[in-house]
Number of protein chains: 2
Amino acid sequence: MDKSDQSVERVKKDISRYIELPEEEWLLFKSHLNFLALQKGEFLHKAGNKTNRIYFTLKGCIRTYNLKDGKEKNYNFHFEDDWYAPYYSILTDKACSLNAQAIEDTELFYLTIQDLNQMYELGKNWQKLGRLLAEKVFIEKEKKEEQLRFNNPEEHYKLLLMEKPRFVNRVQQYHLASYLDISPETLSRIRNRLRNQ
Amino acid sequence: MDKSDQSVERVKKDISRYIELPEEEWLLFKSHLNFLALQKGEFLHKAGNKTNRIYFTLKGCIRTYNLKDGKEKNYNFHFEDDWYAPYYSILTDKACSLNAQAIEDTELFYLTIQDLNQMYELGKNWQKLGRLLAEKVFIEKEKKEEQLRFNNPEEHYKLLLMEKPRFVNRVQQYHLASYLDISPETLSRIRNRLRNQ
DNA sequence: ACTATTTATTGATCCAAATCAATTTAATTA
DNA sequence: TAATTAAATTGATTTGGATCAATAAATAGT
């Protein structure tokens with residue numbers, strides 16, 4: 001598979017959820033898209049470098065994580081039809097602190113922030129897209145913070161089960177534990193408890 | 001004091017940091033601004049209502065917090081020249097989960113999201129402002145999450161000391177503790193430790 | 001299908017921070 | 001400025017989850 005019509009249509013459809021998309025602007029956007037395939041285990045990018053790409057996931061799963069004192073902490077997971085960008089790095093123009101690794105065989109499109117900025121220049125529609133996407137990641141983040149602060153691990157896991165079934169179904173337990181900021185042992189015990197009740 | 005030239009100029013100056021601001025657009029924006037003064041202890045808004053205002057702080061301090069099981073958890077503090085909006089509520093059009101209270105005598109300007117949306121319609125400059133502000137709160141949030149996850153309370157407090165001196169200097173210790181997600185006793189012990197070394 | 005390796009489970013121990021309780025210090029208010 | 005209330009400190013105790021350790025189950029590789 002590559003930049004087939006079918007794949008590109010999925011991007012178009014997603015963008016159309018946010019803004020009106022005149023055909024000629026879409027064609028310009030489309031021309032910026034590049035295809036990328038990763039095998040399970042391969043890296044999209046590693047911390048320490050500046051990255052300037054915005055990704056759209058076609059299939060598979062990307063895990064992002066921070067590394068500190070030799071320990072990994074998972075930051076997020078991105079599945080098919082999710083956008084992903086090392087936002088903080090791009091916005092602040094600092095080296096990226098996230099590592100991004102495929103934990104399934106994964107296919108993506110990407111464009112660069114420079115290309116996106118070019119789109120922003122086209123007018124308020126594209127600025128609006130930028131605003132809406134920024135607002136969306138903000139909202140996600142907001143939710144996660146609240147859940148981290150107000151719920152104990154068990155409640156947090158239950159919420160995840162409801163709100164992000166893909167996380168629970170497709171991600172290994174020790175990765176999930178790291179995402180929830182608990183040890184794998186604790187997550188195992190939580191699941192055990194939930195099973196027996 | 002009220003909508004004096006001097007106060008309004010501070011808003012203009014701040015917006016100009018983000019976008020070019022033609023005089024006639026500024027005049028329109030300015031006409032949307034309303035003045036509000038609160039005494040220490042008074043509330044800007046309470047959880048459970050929909051709020052649609054975006055605030056610019058002229059002086060004083062606003063504390064925002066969540067309430068769960070009768071316990072307060074401080075979410076943020078806003079001082080002079082800070083923007084504040086119950087972003088999540090405005091963006092999702094859900095009832096606000098935050099309470100906002102003046103913890104010093106406080107003066108603010110506000111405009112409604114409807115007014116801001118009207119500004120957005122003027123063109124890409126204003127959409128850009130919206131985007132940049134959304135990106136800014138996102139970055140703030142991102143930083144805080146990272147600090148919460150990777151640092152123990154003592155390290156977290158030291159970072160706050162460096163990065164947000166206004167928090168440490170002007171906010172009561174038990175409010176700060178709640179913001180840092182630790183008990184007041186723990187914060188007191190941290191400060192004690194730092195004093196004796 | 002068998003082996004090696006990785007991941008998940010279960011139990012025992014430990015520890016950082018929470019909670020509980022009492023006292024001192026600081027801030028309000030009469 | 002004295003009296004009252006609120007906030008901060010300090011000590012004792014408890015606890016939820018981490019860490020350590022050993023085993024079982026699952027996955028990947030041959």
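In what follows, every chain begins at residue 1, and chains take the letters A, B, ... in the order their sequences are listed.
- Within the structure, a side-chain polar atom (N or O) of B:Thr186 is placed less than 4.0 Å from OP1 or OP2 of C:dA18.
- Rounded to whole Å, atom P of C:dA16 lies 13 Å from atom CD of B:Glu155.
- Following rounding to the nearest Å, B:Arg170 (CZ) and D:dA7 (P) show an atom-to-atom distance of 18 Å.
- The CD atom of B:Glu185 sits 17 Å away from the P atom of D:dA6 (whole-angstrom rounding).
- Within 4.0 Å (heavy atoms only), B:Gln172 reaches sugar-phosphate atoms of the nucleic acid but no base atom.
- Backbone-only contact: A:Pro153 has heavy atoms under 4.0 Å from sugar-phosphate atoms and none from a base.
- Nearest-nucleotide positions on DNA chain C for B:Lys40 and B:Arg193 put B:Arg193 closer to the 5' end.
- In this structure, the nucleotide among C:dA8, D:dT10, D:dA7 sitting nearest to the side chain of A:Tyr174 is C:dA8.
- The residues B:Glu23 and B:Lys30 are annotated as not salt-bridged, no charged nitrogen and carboxylate oxygen being separated by less than 4.0 angstrom.
- Of the candidates C:dC20, D:dA18, C:dT9, the closest approach to any side-chain atom of A:Ile182 belongs to D:dA18.
- In the set C:dT10, C:dT7, D:dA8, C:dT10 carries the atom at the smallest distance from any side-chain atom of A:Ser188.
- Within 3.5 Å, no donor on the side chain of A:Arg189 pairs with an acceptor on the base of D:dG16, nor the reverse.
- Taking atom CG of A:Leu176 as the reference point, atom P of C:dT9 lies 12 Å away to the nearest angstrom.
- A salt bridge does not link A:Glu163 with A:Lys144: none of the charged nitrogens is closer than 4.0 Å to a carboxylate oxygen.
- Inspection of the B:Glu20 and B:Asn125 side chains reveals no N or O donor paired with an N or O acceptor under 3.5 Å.
- When the P atom of C:dA26 is taken as reference, atom NE2 of B:His175 falls 20 Å away, rounded to whole Å.
- Looking at the side chain of B:Arg195, the nearest of the listed nucleotides D:dC20, C:dT28, D:dT9 is D:dT9.
- If you take CG of A:Leu148 and C1' of D:dG16, they are 16 Å apart, rounded to a whole angstrom.
- With 3.5 Å as the limit, one finds a donor-acceptor pair spanning the side chains of B:Glu142 and A:Tyr75.
- Residue A:Arg191 contributes atom CZ, which lies 12 Å from atom P of D:dA26 at whole-angstrom precision.
- Between D:dA18 and A:Ser183, a contact under 4.0 Å exists linking OP1 or OP2 to a side-chain N or O.
- Using the six-membered ring where Trp is involved, B:Phe29 and B:Trp126 have ring planes that are parallel, under 30° apart on the 30 and 60° scheme.
- Distance from the side chain of A:Gln173 is smallest for C:dT9 among the nucleotides C:dT7, C:dT19, C:dT9.
- Residues B:Arg170 and B:Glu80 are paired through a salt bridge, judged by an N-O separation under 4.0 Å between the basic side chain and the carboxylate.
- D:dG16 atom P lies 13 Å from atom CD1 of A:Ile190, rounded to whole Å.
- For B:Asn152, no side-chain nitrogen or oxygen approaches OP1 or OP2 of C:dA17 to under 4.0 Å.
- No engagement by B:Leu187 is indicated, since no non-hydrogen atom pair under 4.0 Å with the nucleic acid exists.
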